[in-house]
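Worksheet: the structure to be examined is printed underneath.
Computation of the quantities below employed the complete heavy-atom set of this structure, encompassing side-chain atoms and omitting hydrogens, waters and symmetry-equivalent molecules.
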Amino acid sequence: MDAVELSRFLTGMTLAVHIIFATIGVGMPVFFAIAEFLAIKKKSERYLALAKRWAKGYTITVAVGVVTGTIIGLQLSLLWPTFMRIGGHVIALPLFMETFAFFFEAIFLSIYLYTWNRFKNQLTHFIISIPVIIGGTFSAFFITSVNSFMNTPAGMEISNGRMVNVDPIAAMFNASFFVRSFHVVATALMTMAFILATIAAFKLIKNKVKEDTIYHQKALKLTMIAGLIFSMLSMLAGDLSAKFLHQEQPEKLAAYEWHFNTESKADLVLFGVLDESTQEVKGAIRIPGALSFLSDSSFDTKVKGLNEFSKDELPPLIVHYFFDLMVIFGIFCFVVSALYVVTLWVKKWNPHQKWLLYAILLTGPASMLAIEFGWFLTELGRQPWMVRGILKVQDAATTAGGLPFVTLLFALLYFVLLFSTTFVLVRMFKNQSISDDIAKLQAERRGEFQ
């Protein structure tokens with residue numbers, strides 16, 4: 001591989017690892033805050049134990065997220081020096097604000113973790129979780145703004161190969177910022193809900209202790225209801241994104257769907273095999289008119305085809321598979337969560353049947369894979385541009401040597417980080433009895449403020 005391909009590969013590998021911890025960073029504070037609120041409202045030690053356990057595990061992932069997030073910032077300068085030279089001053093504000101949002105989150109997370117049972121009114125401690133949620137969410141907003149600028153640059157002019165007359169606010173709140181930010185946060189919350197639901201389902205399949213079973217059933221109910229809500233929001237975000245692409249980045253939408261000829265009543269194409277020489281798709285599932293409807297809520301909408309654009313400005317057509325996999329995994333999670341909620345409503349049905357628990361067990365990996373495929377989709381879909389319409393990837397990459405060795409070192413680092421994080425989280429809770437946690441909480445409450 002040449003320097004451009006290695007730079008792309010290393011950046012993609014870093015993003016693939018970081019998105020795991022970024023997703024947890026956005027989603028987890030919402031869930032331990034919900035659990036604590038329910039604990040206060042219902043006076044339930046089980047929900048309080050749930051909140052404490054989730055917050056405890058979150059501290060590990062935050063630490064690793066800091067490492068991978070810092071690496072991304074460094075790699076922008078090391079692997080893409082031309083981009084940073086031309087546009088680094090344009091994205092400086094959101095990068096700074098993202099760092100500020102993280103510090104804001106970290107400060108209040110520290111206060112939150114060290115002030116359990118320190119207040120007479122438990123709502124005071126719950127309120128401290130709100131700045132943690134705000135910090136995590138705004139951190140996602142600001143870093144998404146950088147990525148959005150690369151897709152829909154705004155707030156500057158080009159003069160002699162440089163970005164001048166910069167309006168940092170207009171650049172930060174560019175055309176795709178709001179749609180993409182909504183999509184990022186909604187899918188992060190959905191994914192976090194299903195990851196936690198997977199853990200609860202796994203414990204319910206394995207555990208036989210009554211106290212533990214009740215605890216995990218409560219965790220499953222909370223996360224699966226939240227998963228259904230956030231999966232519906234994610235589908236809304238996907239719909240808004242498709243409509244935005246139809247208006248602003250039609251070549252990207254056409255590549256997602258292997259749509260070659262401009263036409264109305266355009267079909268939505270799922271999977272299949274493409275013969276690029278003849279533009280023929282074999283073995284695909286076609287939904288008549290669905291792409292037109294997805295693009296602008298009308299089957300008569302005319303959707304631009306790939307043949308309308310210059311071939312050297314089209315994204316790689318493999319993005320079609322990433323789009324299909326993202327959608328399929330997302331729909332799977334929605335269907336499973338809907339089935340679970342229906343079984344809750346119908347009293348005669350058991351929401352903890354083994355087949356349903358095994359289906360729920362798959363939602364966590366499926367939702368995280370949907371996140372991964374979604375990010376690869378949007379990044380590959382921007383190709384061949386680093387900054388759309390301004391700077392191509394091949395012109396932005398470093399020409400420095402030594403990249404193969406650096407790539408191997410980072411691959412080793414990411415393996416160590418992922419393995420050690422998983423190992424620590426498993427050991428942290430493996431021999432920790434839920435019954436003991438609840439008994440400890442009851443004892444703390446009895447001795448509180450005496």
ask   = Under the side chain to side chain donor-acceptor pair (under 3.5 Å) criterion, do Ser44 and Lys218 qualify, and how do the steps go?
value = CA-CA 11 Å; Ser44 168; Lys218 287 184 177 295; 5.3 Å; no

message = Checking Trp258 against Phe323 for the ring-ring contact (aromatic ring centres under 6.0 Å, His included) test, could you report, in this order, the C-alpha distance in whole Å, the side-chain angles of both residues, the deciding distance, and whether it holds?
response = CA-CA 11 Å; Trp258 288 346; Phe323 178 79; over 10 Å; no

request  = Run the numbers on Tyr321 and Phe271 for ring-ring contact (aromatic ring centres under 6.0 Å, His included), then give the verdict.
outcome  = CA-CA 6 Å; Tyr321 293 115; Phe271 299 104; 7.0 Å; no

Leu220/Leu357 under side-chain contact (heavy atoms from CB on, under 4.5 Å): CA gap, chis, key distance, verdict = CA-CA 10 Å; Leu220 188 66; Leu357 290 177; 3.8 Å; yes

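By the 30° and 60° cut-offs, the orientation of the rings of Trp54 relative to Phe31 is perpendicular. Ring planes of Phe419 and Phe423: parallel class, angle under 30° (limits at 30 and 60°).
In this structure, Lys392 places its NZ atom where more than 12 heavy-atom neighbours from other residues, nucleotides or ligands lie under 6.0 Å away. Counting non-hydrogen atoms of neighbouring residues, nucleotides and ligands closer than 6.0 angstrom, the CZ atom of Phe138 reaches no more than 12 such neighbours. Counting non-hydrogen atoms of other residues, nucleotides and ligands closer than 6.0 Å to CD1 of Ile318 gives a total of 12 or fewer.
For the 3.5 Å distance criterion, the side chains of Ser241 and Asp239 fail to qualify, holding no donor opposite an acceptor. Between the side chains of Thr68 and Tyr414, no donor N or O sits under 3.5 Å from an acceptor N or O. Counted by atom type alone, Lys203 and Thr213 present zero donor-acceptor pairs between their side chains at under 3.5 Å. For the residue pair Asn151 / Ser176, no side-chain donor-acceptor distance below 3.5 Å is found, with atom types taken as modelled. A donor-acceptor pair shorter than 3.5 Å cannot be found between the side chains of Glu105 and Ser139.
The existence of a salt bridge linking Lys52 and Glu45 is excluded, since no basic side-chain nitrogen approaches an acidic carboxylate oxygen closer than 4.0 Å.
The shortest heavy-atom contact between Glu257 and His320 is CA-ND1, 3.9 Å.
With sequence neighbours left out, Ser148 forms a side-chain hydrogen bond (donor to acceptor under 3.5 Å, both in side chains) with Arg180. Scored by the side-chain hydrogen bond (donor to acceptor under 3.5 Å, both in side chains) test, Tyr340 finds no partners at all (sequence neighbours excluded).
Atom CD1 of residue Ile128 and atom CG of residue Leu123 lie 11.5 Å apart, to the nearest 0.5 angstrom.
Just one of Tyr114, Phe108, Trp116 meets the ring pair (Phe, Tyr, Trp, His ring centres under 6.0 Å) condition when paired with Tyr112; it is Trp116.
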Under 3.5 Å, side-chain donor or acceptor atoms of residues 358-375 against the rest of the protein: list the pairs with distances, not counting sequence neighbours.
residue	atom	partner	partner atom	Å
Thr363	OG1	Ile360	O	2.6
Ser367	OG	Thr363	O	2.9
Ser367	OG	Gly364	O	2.9

